[in-house]
Amino acid sequence: MHTIFLVHGMGSTKAGWSQELQKTIRTRYFDPTKYKFVGTTPFDGLFRFVEINYNQHFEEYLEEAKKQADNLSKWSKLVSNVDGGVFRVLQRVVQTAARAPSDNFLVTHLADVALLMATDVGELIKNDVALQLTQELKKLDLSGDRWSVIAHSLGTRVMTEVLQAGFTTAPSLRSFGKARMVMMVSNVSRLLEKLSPFNAGDVFHNVVFPSVRAANGVCSHYVNCTHRLDPFAFVMEFDPPATFGDGNTFIDNLYHGVKLPLADVLSKNVHALEHYLEHPVVHTTMLQFLLPGSGARAPTKAEMDAAIADYRQRALIAPVSEVTRTGLENLKTRPFAAIEQIVDLWEEYGRLID
Amino acid sequence: MDASSIERACMPAVRYRTRGVVAWLAVALLGVFAIGLRPAFAACDNTDYDRKIDTYYAQDCLPPTADVRKRVTEQRKRFFTDAESPEVFIAKAQEGIQKLKADVALHADQNGDIRKYFDTLQTHLQQAEQKLQALPSVDMLAIKPADFEALLPNFWTVNSVRRNEAGGLPAIMLSDSGCTEKTPPDAACDTAFQKVITVADDVFVANNLMLDLHSEQRARFITDATLRRDRWHAYLYDTQFQFWWELAFNRYEEWRCPRSLTARLADLVNKKCHAQAQDAFGNLLGFREVPDYRAILLHPDIGVGYMDEEPDGQRFKPLLVFQWIGFQWWKWDRENVSGLRGVSLVSTVADTSVGSRTGVGLQFQYGAFSMAFTSHSGNLAVTLNTGLINELGKGKVSQKWADNFKAALENPP
């Protein structure tokens, strides 16, 4: 049996978030009448899904912060009109602390990024995700069973850090064997490395890369998906150089980059995992390297042409207004060199899809 | 049931005799159903031989042949019946390799036409044997995997990637027979596949040996991750809540270890910061140790103070306690914070009728309780946190005081 770990991105995700997605993969993408290469073995005979959740840790912290804020707000009048000087600092801090975190896009999405990258909430998450992963791997017969990871958005950074830490520690995740496929959708691991206030390493030269060798890398295949309109993916895009990993990933054809064009839009939230997977190139690439075998079998040209034609037909009548489409395209022309500009860009994206 | 599953379930019978196949199969099937196992034969992907070899040993596909199962069970028994420490595991693995080498030599003699593949396998086993002799502890498998590649599970995992590792041998055999992309049933390739499996079974047994060698590592990884997760949770929620600026400041201080201010303070209470190792590209290696100290920075809280100089009936009053800067340290008792202590420079703010509304002083913390002593224009205020107030109420003598403290908290301004 092949276990597929699904790792969510930023935002208010609850346990069970992937149920619909699992159903779609199982029934619509894994369709032998559409793609002969998937074979006739039923999906459930080959694969099982395991959902990885870490959003509860962000929520726990924000909930606790709200409690503290509520408590303080009752008493914050005590600091009004305190004597001047340094006590003004005290007044400002109390007012800040007494303000409960709101539920807007900035808090639900960007606070997740900040808490992960700049605080020790990130350490709690990494260890919890490593634990969720290994508790499931423990159930496998590792001599024959396989495992893979499909991570989205912030989940790509979480998984990059978990695999990096897990494969470079003793005892190591390597004792469970490497993943067959790591698929990163809207990969922000490079971007967050650059935005991190601390040393976040170099994702193109860490251990999270595909390799045929047992001692190298963390997986056999690495699939990376980017949409040209996705402002989380195109800013400091994950686009590895020839020296990626041990320098053999491209030679051995183990890195598979998928770049979706501007016109391929079915809904305004182009960042959504569901939006990515709906694209035939994305779900066939995913299946190609999830399925048993060396990955040599792929959809035929005719199958792909038909699937793409159907997708583009649906894109023409997609419920995305011209204003939204233009707004999304305009995001690409905005500057995003500085962190403030990136945050502005994301906020604008949040407004567009709201 | 498809052709491959029949071939798999009946392999010993097919190899050595043709009569009795049906009877054997019936018994096997009855056995499977009788013990309630799911006969998930469909899970073996027979789209082509390339996929077939990849799913051949997968759980829920088909179990290995009785002979292979027996060999793996005996091997495992050797590991887990007698072995009590990781070091003993190395000796057990050496015994296992010896046995495997003898098996492979025998199988090479029995299958002369595919001897060259068995010879390659024998070379891999010899390599593994040498590595085992040089292996000082099982931890080295994680610390220097490249030096002990032949002892890693992936080196032996039977799959369809043609590579120069033992696990790639079956795929190379399939490729050499021109069967990789052929679809079963195919008479010539079915025969070739049987030969592939003859070699693959030995690789599979070796893979199980390597997995058993790593079993202690896997168990310890989970134990360590559980402990680290629980400690990080306790660090965040069982010391003192950290506002976001405190979280960021403490993270920054940990990153600057050992040059940080908190690391120097930690020295004073016999604590050490743990600088995380990095590779040449600045990538952090491993998981970070959970600290046993932290800084407090600009932390506001509510407490109840006693101010003796205030008029009767107003001596107990709520105060805003503001920790400008402070330091907490503790010991880890498994995943629990134990012996938490802290000291902070504090200001208190209260509605006073005598003296200044603001006071400056020190706060001390022990466990969940803290007490601040501040001077409001020379008038002493003793402030307790809510945890300590609740504790006061547990003794009869202090019940009245506790009630007074609690009452003060119930009337925000």
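Side-chain atoms are counted along with the backbone in the values below, which use heavy atoms only and exclude waters and symmetry mates.
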Is chain B contacted by the side chain of [X], its backbone, both, or neither, given a heavy-atom distance below 4.5 Å?
X	value
A:Lys138	side chain
A:His57	backbone
A:Val121	both
A:Phe37	both
A:Lys139	backbone

Toward chain A, the part of [X] with a non-hydrogen atom under 4.5 Å:
X	value
B:Arg163	side chain
B:Tyr235	side chain
B:Leu213	neither
B:Ala350	backbone
B:Asp224	side chain
B:Ser137	neither
B:Tyr237	side chain
B:Thr226	both
B:Glu254	side chain
B:Leu298	both

Please check this pair: side chain of [X] against backbone of [Y], looking for a donor-acceptor N/O pair closer than 3.5 Å.
X	Y	answer
B:Asn154	A:Lys178	yes
A:Tyr61	B:Trp244	yes
B:Arg218	A:Ser175	yes
B:Asn283	A:Asp202	yes
A:Glu123	B:Trp232	no
A:Thr168	B:Gly286	yes

| query | Do we see a donor-acceptor contact under 3.5 Å between the side chains of B:Arg228 and A:Asn127? | reply |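 Judged by distance alone, the side chains do pair up.
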| field | Side-chain donor-acceptor pair present, A:Ser294, B:Asp50, cut-off under 3.5 Å | value | yes
Non-hydrogen atoms of [X] and [Y] that approach each other most closely:
X	Y	answer
B:Ala225	A:Leu131	CB-CD1, 4.0 Å
B:Ala58	A:Met1	CB-N, 3.6 Å
A:Ala296	B:Glu181	CB-OE2, 4.3 Å
B:Phe204	A:Ser143	CE1-OG, 3.3 Å
B:Glu165	A:Arg213	OE2-CA, 3.2 Å
B:Asp279	A:His205	OD2-O, 3.9 Å

Using a cut-off of under 4.5 Å on heavy-atom pairs, state which of [options] scores highest against chain B.
options	result
A:Val207, A:Leu133, A:Asp120, A:Val212	A:Asp120
A:Ala165, A:Gly144, A:Gly122	A:Ala165
A:Gly177, A:Gly39, A:Gly201	A:Gly201

| query | Got a sec: does the CD of A:Glu60 have more than 12 other heavy atoms crowding it under 6.0 Å? | reply | yes
| Should the heavy atoms of other residues, nucleotides or ligands under 6.0 Å from CG of B:Asn164 be counted, would the total exceed 12? | no
| task | Give the ring-plane orientation class for B:Phe221 versus A:Phe176, where under 30° counts as parallel, over 60° as perpendicular and anything between as tilted. | result | perpendicular
| task | Please step through side-chain contact (heavy atoms from CB on, under 4.5 Å) for the pair B:Thr47 and A:Leu291, ending with a clear verdict. | result | CA-CA 10 Å; B:Thr47 308; A:Leu291 280 160; over 6 Å; no
| Positions in residues 214-222 of chain A that reach chain B, provided some heavy atom is under 4.5 Å away | A:Ala214, A:Ala215
| Under the criterion side-chain contact (heavy atoms from CB on, under 4.5 Å), which of B:Asp45, B:Asn46, B:Thr55 is the partner of A:Thr41? |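 Exactly one candidate clears the test, B:Asp45.
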| When only pairs under 4.5 Å are counted, which of B:His214, B:Arg288, B:Arg220, B:Glu216 shares the most heavy-atom pairs with chain A? |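 When all of B:His214, B:Arg288, B:Arg220, B:Glu216 are compared, B:Arg288 has the most.
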| said: Counting C-beta onward and ignoring hydrogens, is there a side-chain heavy-atom pair between B:Gln217 and A:Arg174 closer than 4.5 Å? | reply: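 No, every pair of side-chain atoms sits at 4.5 Å or beyond.
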| Quick one: does A:Phe167's side chain get under 4.5 Å of B:Leu285's, heavy atoms only? |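 Contact flag for A:Phe167/B:Leu285 side chains = no.
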| Test applied, side-chain hydrogen bond (donor to acceptor under 3.5 Å, both in side chains); reference residue, A:Arg146; option that passes from B:Asp54, B:Asn159, B:Thr157 |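 Option passing the side-chain hydrogen bond (donor to acceptor under 3.5 Å, both in side chains) with A:Arg146: B:Asp54.
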| Can B:Leu236 and A:Leu124 be said to form a side-chain contact (heavy atoms from CB on, under 4.5 Å), step by step? | CA-CA 9 Å; B:Leu236 290 170; A:Leu124 173 60; 3.9 Å; yes
| said: For the CG atom of B:Leu284 and the OG1 atom of A:Thr169, what is their distance to the nearest 0.5 Å? | reply: 12.0 Å
